Asker: 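There's a structure below that I have some questions on.
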Amino acid sequence: MPVVAKWPMADTRAVVDARLRTAFDTIEEGVDPVLRPSDRADFQANGALGLAKRLGRNPRELAEEVIARAELADICSVVEVSGPGFINLTLADGFLSAQVAVMAGDERLGIEAAPDPSKIVIDYSAPNVAKEMHVGHLRGTVIGDALTRTLAFAGHEVIRENHVGDWGTPFGMLIEHLVDLGEETAVAELSVGDLDAFYRDARTAYDASPTLQERSRNRVVLLQGGDEDTLRLWRVLVAESVAYFNEVYGKLGVLLEDSDVVGESSYNPMLDAVVEDLGERGLLVENDGALCVFPPGFTNREGEPLPLIVRKSDGGYGYAATDLAAVRDRVGRLGARRILYVVGAPQAQHFEMVFAVARMAGWLPDDVEAVHVSFANVLGPDHKMLKTRSGSTIKLVELLDEAVERAETAMAERQVDLDPSERAHVARLLGIGAVKYADLSTDRTRDYVFDWERMLAFDGNTAPYLQYAHARIRSIFRRSEIDHVDPATVPVVTDPFERALTVALLGFAPALGAMLETYSPSKLCAYLYDLATTFTSFYENTPVLRAPDEATRNSRLLLAELTARVLALGLSLLGIGVPDRM
RNA sequence: GCCCCUGUAGCUCAGCGGAUAGAGCACCGGCCUCCGGAGCCGGUGGCGCAGGUUCGAGUCCUGCCAGGGGCGCCA
């Protein structure tokens, strides 16, 4: 198939964009064709309008000139100027079928590995030791996991770092509570995952007893001073908590594991060096006994320069020091070319300051990117922020268990005929998938309304809908005699439903690109949902197994199978599994 | 007081400076001798307000209004 070799990428938009770019270049170097999907054609290029304005030319004439200079004959069936100077492009059916054949013949579905792979550190999840994981941790964990999987698929070397809160003043209180409970009782409580009760009881006792407060303060000093017995107790807290986190991660189905835990405490040995470095570069200013750096451009409420406090007046280190040490370590030791922080939006200014200081100190060179992948709040159905100490916090495990239960109930209502073990497995994929997808499908910078009913509803833009579309396709293949379509099949694209599905399939590469460009899983979700609806419409309106002839049948089977593969791959990149039956 | 984020249909959300602002839920109306009805086809309904920039603004700028968050020793 020479026609196939001409377009190695199954990224239709990129091919068209490149052709137009070449044509625009002959008129003026470096003009963006401004290629967009169009209602009136497959694509529209709007670049002629802006260029005409700059050159003082008639936009329609200029658009005509671009068309005349562009090599489009082999990929477009219709190219015309419309309106004030839009170039409307309709792709040639032969081009579409060749492109989709390339995609189908590729294990990676036409997604080329990044030409410039880089080492990326991604910091996400970060629960606190001896504290329950609640819905607030859902977003960071799920978004971080999706980005990790997708960046890795794109060919990058991704290093996960779970920056757990395992250090700081509360640990004096927590260790004393551990002592008061007795180690065995405490371990028993923690190992069953009742971190909430442990923390709450510790806090209650602490608040009520000045003696305990005194002991806690002393304990912090011992902990920071490296007292062996205190450290041992501290390690018990950490180990039990991490074991519990792993259980939650297992339920949630995310990649994080023990070796990814790089808690705040791991930077303790590097903190003195951070201060020394900053001192040597003359960046430190002593202020009321605290060592500060004043990055330019930050002011407090009085309009005075705002410090990043590296060392507190009592000699202790705050989280600014830890975060600086982490940057230094990730770039200096690990060789990260990019660092992603999947952390809530309220910390935006903190990260801006940390990055600014790290740049001033030379730890973060200009060619290393540091990005705060921020996400907004989780709101309750009442649109108020869900806060940890408000009493009515939802434990993450309970949320996940209920999601699975609801999936089971829904399956029971549909009288799904599966054996018990497969049934349980599918319920898990559906329930957990629904929770994850509900979170991922909303723009991460917007507040996310957590609503049981909506999240677990099995219609609309939800994971179960996508999973269902996938299962229906698998059912076609179970029903027919064939496992897979002959990979050499080149689909015929004539029927409007076939055509719409083909165009949708070819949107996969740009959709992944859009997700990675902006670190927005919601873009991939939107694409997958569009693909699923386009497929279902195709499937309802176009006979597949009962196609009029063998060639059409094979062609449609190919489109169906490819749809299933895109759905399965796309969802897996989001951390969501797909059952064959449901 | 200053800074950041958000404001799109009754509700939940898409909209990368371009043509008539799209979905889903809910509501209304069709489709079960037909490959899985957790579905398909169709309908009602909207850019917080006021200016400005632009050939063109939901998108960019300014002001206001509303909600949320942040603003030196908690993380």
Side-chain angles (χ1 to χ4, degrees), chain A residues 34-40 44 46 49-50 52-53 59 82-86 88 126 128 163 165 167-170 264 287-292 294 298-314 316-320 322-323 344-350 352 374 376-377 379 383-385 410-411 413-414 416 430 438 441-443 445-449 451 453-455 457-462 464-465 467-469 471-476 478-480 510 514 517-518 522-523 525-526 529-530 533 536-537 539-547 556 560 581-582:
Chain A
V34 194
L35 191 68
R36 302 278 184 267
S38 177
D39 299 334
R40 312 180 175 211
Q44 62 182 65
N46 309 329
L49 286 159
K53 180 71 180 173
S82 166
F86 302 110
N88 287 350
N128 292 310
H163 197 76
W167 203 252
T169 43
E264 290 164 356
N287 220 298
D288 298 331
L291 295 179
C292 309
F294 290 88
F298 296 90
T299 53
N300 67 9
R301 61 184 86 213
E302 277 79 38
E304 298 154 354
L306 185 67
L308 188 69
I309 295 174
V310 180
R311 201 177 72 191
K312 300 186 283 183
S313 53
D314 66 0
Y317 292 106
Y319 76 136
T322 312
D323 282 339
Q347 304 225 35
Q349 185 179 257
H350 167 70
E352 277 177 41
S374 73
N377 304 310
L379 305 180
H383 288 214
K384 303 262 186 192
M385 207 170 118
M411 287 171 70
E413 281 168 4
R414 315 268 163 200
V416 176
L430 294 182
S441 59
T442 299
D443 184 310
T445 63
R446 281 176 65 130
D447 284 347
Y448 166 53
V449 177
D451 184 316
E453 293 305 318
R454 189 167 289 114
M455 169 182 292
F458 286 71
D459 31 24
N461 185 9
T462 64
Y465 177 86
Q467 290 164 323
Y468 179 62
R472 283 176 92 179
I473 298 171
R474 296 313 313 156
S475 149
I476 300 172
R478 267 197 306 279
R479 181 174 295 270
S480 69
E517 221 168 273
T518 55
S522 64
K523 308 231 183 217
C525 293
Y529 180 62
D530 177 64
T533 54
T536 318
S537 180
Y539 191 49
E540 295 281 337
N541 293 289
T542 316
V544 174
L545 291 177
R546 293 179 205 145
R556 289 177 181 170
R581 272 184 279 237
M582 56 187 278

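Predicted model only: the values in this text are computed from it and were never measured. Protein chains get the first letters and strands the later ones, always in sequence-line order, with residue 1 at the start of each.
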Asker: Expressed as a whole number of angstroms, how long is the span from A:Glu352:CD to B:rG69:C1'?
Answerer: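 One finds 13 Å between C1' of B:rG69 and CD of A:Glu352, rounded.
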Asker: Sub-3.5 Å donor-acceptor pair from the side chain of A:Arg556 to the main-chain atoms of A:Pro543, do we have one?
Answerer: yes
Asker: Please check the phosphate of B:rG15 (OP1 and OP2 only) for any side-chain N or O of A:Lys523 closer than 4.0 Å.
Answerer: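 Answer yes for this pair, as a side-chain N or O of A:Lys523 is under 4.0 Å from OP1 or OP2.
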Asker: Would you classify A:Ser313 as touching base, sugar-phosphate or nothing, given that sugar-phosphate means primed atoms plus P, OP1 and OP2, and contacts are heavy atoms under 4.0 Å?
Answerer: base
Asker: Who are the side chain to side chain donor-acceptor pair (under 3.5 Å) partners of A:Ser38, not counting sequence neighbours?
Answerer: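 A:Ser38 satisfies side chain to side chain donor-acceptor pair (under 3.5 Å) with A:Gln44 once adjacent residues are dropped.
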Asker: Between B:rU20 and B:rC35, how far apart are the two C1' atoms, rounded to whole Å?
Answerer: 37 Å
Asker: Indicate, with a heavy-atom threshold strictly under 4.0 Å, whether A:Gly168 touches base, sugar-phosphate, or nothing.
Answerer: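 Since no nucleic acid heavy atom lies under 4.0 Å of A:Gly168, the category is nothing.
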Asker: At under 4.0 Å between heavy atoms, which parts of nucleotides 29-40 of chain B does protein reach? Answer with one letter per nucleotide, 5' to 3': B base, S sugar-phosphate only, - none.
Answerer: -----SBBSBSS
Asker: Have a look at A:Pro37 and say if it touches a base, only the backbone sugar-phosphate, or nothing, with a 4.0 Å heavy-atom cut-off.
Answerer: base
Asker: Output the rounded distance in Å from NE2 (A:His350) to P (B:rG72).
Answerer: 14 Å
Asker: NA contact type, A:Asn46, heavy-atom cut-off 4.0 Å: base, sugar-phosphate, or nothing?
Answerer: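 Base contact.
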Asker: Which whole-number value in Å describes the distance from A:Glu304 CD to B:rG72 P?
Answerer: 11 Å
Asker: For A:Asp530, which contact category applies under a 4.0 Å heavy-atom criterion: base, sugar-phosphate, or nothing?
Answerer: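 The answer is nothing, as A:Asp530 stays clear of every strand by at least 4.0 Å.
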Asker: Between B:rG15 and B:rA9, how far apart are the two P atoms, rounded to whole Å?
Answerer: 15 Å
Asker: For the C1' atoms, the ones on B:rA21 and on B:rG37, what distance do you get once it is rounded to whole angstrom?
Answerer: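 Looking at atom C1' only, B:rA21 and B:rG37 are 31 Å apart.
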Asker: I'd like a table of donor-acceptor pairs (distance under 3.5 Å, sequence neighbours excluded) in which one partner is a side-chain atom from residues 299-308 of chain A, with atom names and distances.
Answerer:
residue, atom, partner, partner atom, Å
A:Asn300, OD1, A:Glu302, N, 2.8
A:Asn300, OD1, A:Gly303, N, 3.1
A:Asn300, OD1, A:Glu304, N, 2.9
A:Asn300, ND2, A:Glu304, OE1, 3.3

Asker: For A:Ala290, which contact category applies under a 4.0 Å heavy-atom criterion: base, sugar-phosphate, or nothing?
Answerer: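 Base contact.
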Asker: Any stems for RNA chain B, made of 3 or more Watson-Crick or G-U pairs in a row, each with both distances under 3.5 Å?
Answerer: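 Looking at RNA chain B, the stems formed by three or more consecutive pairs are B:1-7 with B:65-71, B:10-13 with B:22-25, B:27-31 with B:39-43, B:48-52 with B:60-64.
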Asker: Please classify the glycosidic conformation of B:rC11 as syn (within 90° of 0) or anti (everything else).
Answerer: anti
Asker: If you look at every strand shown and take non-hydrogen atoms under 4.0 Å, does A:Gln467 touch a base, only sugar-phosphate, or nothing?
Answerer: nothing
Asker: Classify the side chain of A:Asn287 and the base of B:rG72 as holding, or not holding, a donor-acceptor pair under 3.5 Å.
Answerer: yes
Asker: Using a 3.5 Å distance criterion without hydrogens, assess whether the side chain of A:Thr533 forms a donor-acceptor pair with backbone atoms of A:Asp530.
Answerer: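 It does hold such a pair.
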Asker: Can you name the residues that form a side chain to side chain contact (heavy atoms under 4.5 Å, CB included) with A:Arg414, not counting sequence neighbours?
Answerer: A:Val416
Asker: For the pair made of CZ in A:Arg40 and C1' in B:rA19, what is the distance, rounded to whole Å?
Answerer: 4 Å
Asker: Indicate whether A:Phe86 forms a stack on B:rA19; treat it as stacked only if centroid distance is below 5.5 angstrom and interplanar angle below 30 degrees.
Answerer: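 It does: the two rings, one from A:Phe86 and one from B:rA19, meet the stacking criterion.
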Asker: Report the residue (A:Thr169 or A:Leu35) whose heavy-atom-nearest nucleotide on RNA chain B is the more 5′ of the two.
Answerer: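 In this pair, the answer is A:Leu35.
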Asker: Write down the distance separating the C1' atoms in B:rG39 and B:rU54, rounded off to the nearest Å.
Answerer: 46 Å
Asker: Send over the distance from A:Asn461 CG to B:rC11 P, rounded to a whole Å.
Answerer: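 Taking atom P of B:rC11 as the reference, CG of A:Asn461 is at 19 Å.
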Asker: Write down the distance separating the C1' atoms in B:rA66 and B:rC49, rounded off to the nearest Å.
Answerer: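 These two C1' atoms come out 11 Å apart once rounded.
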Asker: Whole angstroms only, please: what is the CD1-P distance between A:Ile309 and B:rA75?
Answerer: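 In whole Å, B:rA75 P and A:Ile309 CD1 are 10 Å from each other.
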Asker: Side chains of A:Arg581 and A:Arg478: closer than 4.5 Å at any heavy-atom pair?
Answerer: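 A:Arg581 reaches A:Arg478 side chain to side chain.
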Asker: Out of B:rG24, B:rC71, B:rA75, which has the shortest distance to the side chain of A:Asn128?
Answerer: B:rA75
Asker: Touch check for A:Gly50, heavy atoms < 4.0 angstrom, all strands: base, sugar-phosphate only, or nothing?
Answerer: base
Asker: Classify the side chain of A:Ser522 and the base of B:rA14 as holding, or not holding, a donor-acceptor pair under 3.5 Å.
Answerer: no
Asker: Is a donor on one side and an acceptor on the other found under 3.5 Å between the side chain of A:Asp447 and the backbone of A:Asn377?
Answerer: yes
Asker: To the nearest angstrom, how far is A:Arg446 atom CZ from B:rC11 atom P?
Answerer: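 From A:Arg446 CZ to B:rC11 P: 12 Å.
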Asker: What nucleic acid atoms does A:Tyr317 come within less than 4.0 Å of, heavy atoms only: base, sugar-phosphate, or nothing?
Answerer: sugar-phosphate
Asker: Would you mind reading off the distance between A:Gln347 atom CD and B:rC71 atom C1', rounded to a whole angstrom?
Answerer: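 A:Gln347 atom CD is separated from B:rC71 atom C1' by 14 Å.
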Asker: Any side-chain heavy atom of A:Leu545 within less than 4.5 Å of one from A:Ser480?
Answerer: yes
Asker: If we take the P atom in both B:rA57 and B:rA19, what is their distance in whole Å?
Answerer: 11 Å
Asker: For A:Ser82, which contact category applies under a 4.0 Å heavy-atom criterion: base, sugar-phosphate, or nothing?
Answerer: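 A:Ser82: base contact, heavy atoms under 4.0 Å.
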Asker: Closest approach to the side chain of A:Lys312, judged atom by atom: which nucleotide of B:rC71, B:rA75, B:rA23 is it?
Answerer: B:rA75
Asker: Counting the atoms with a prime plus P, OP1 and OP2 as sugar-phosphate, which does A:Gln44 contact under 4.0 Å by heavy atoms, base, sugar-phosphate, or nothing?
Answerer: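 Since a base atom lies under 4.0 Å of A:Gln44, the category is base.
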Asker: Establish, from distance only, whether the side-chain atoms of A:Ser441 and A:Tyr529 form a donor-acceptor pair under 3.5 Å.
Answerer: no
Asker: If the condition is salt bridge (Lys or Arg N to Asp or Glu O under 4.0 Å), which residues does A:Arg479 pass it with, not counting sequence neighbours?
Answerer: none
Asker: Under 4.0 Å between any heavy atoms, over every strand shown, what does A:Leu308 touch: base, sugar-phosphate, or nothing? Just pick one.
Answerer: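 Touches nothing.
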Asker: Measuring only between side-chain heavy atoms, which start at C-beta, is A:Phe294 closer than 4.5 Å to A:Asn287?
Answerer: yes
Asker: Which value, in whole Å, describes the distance between the P atoms of nucleotides B:rC64 and B:rC4?
Answerer: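 So the two P atoms sit 13 Å from each other.
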Asker: Considering only atom C1', compute the distance from B:rU8 to B:rU59 and round it to an integer number of Å.
Answerer: 11 Å
Asker: Remember a base hit wins even if backbone is also touched, and classify A:Asp323 as base, sugar-phosphate or nothing at under 4.0 Å, heavy atoms.
Answerer: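 Here A:Asp323 touches no strand at all.
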Asker: Quick check: closest heavy atoms across A:Ile309 and A:Cys292, and the distance to 0.1 Å?
Answerer: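 For A:Ile309 and A:Cys292, the tightest heavy-atom pair comes out as CG1-SG, 4.0 Å.
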Asker: Check whether any side-chain heavy atom of A:His350 sits under 4.5 Å from a side-chain heavy atom of A:Tyr319, and report yes or no.
Answerer: yes
Asker: Would you mind classifying the nucleic acid contact of A:Asp39 as base, sugar-phosphate or nothing, using non-hydrogen atoms under 4.0 angstrom?
Answerer: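 Nothing, no heavy atom under 4.0 Å.
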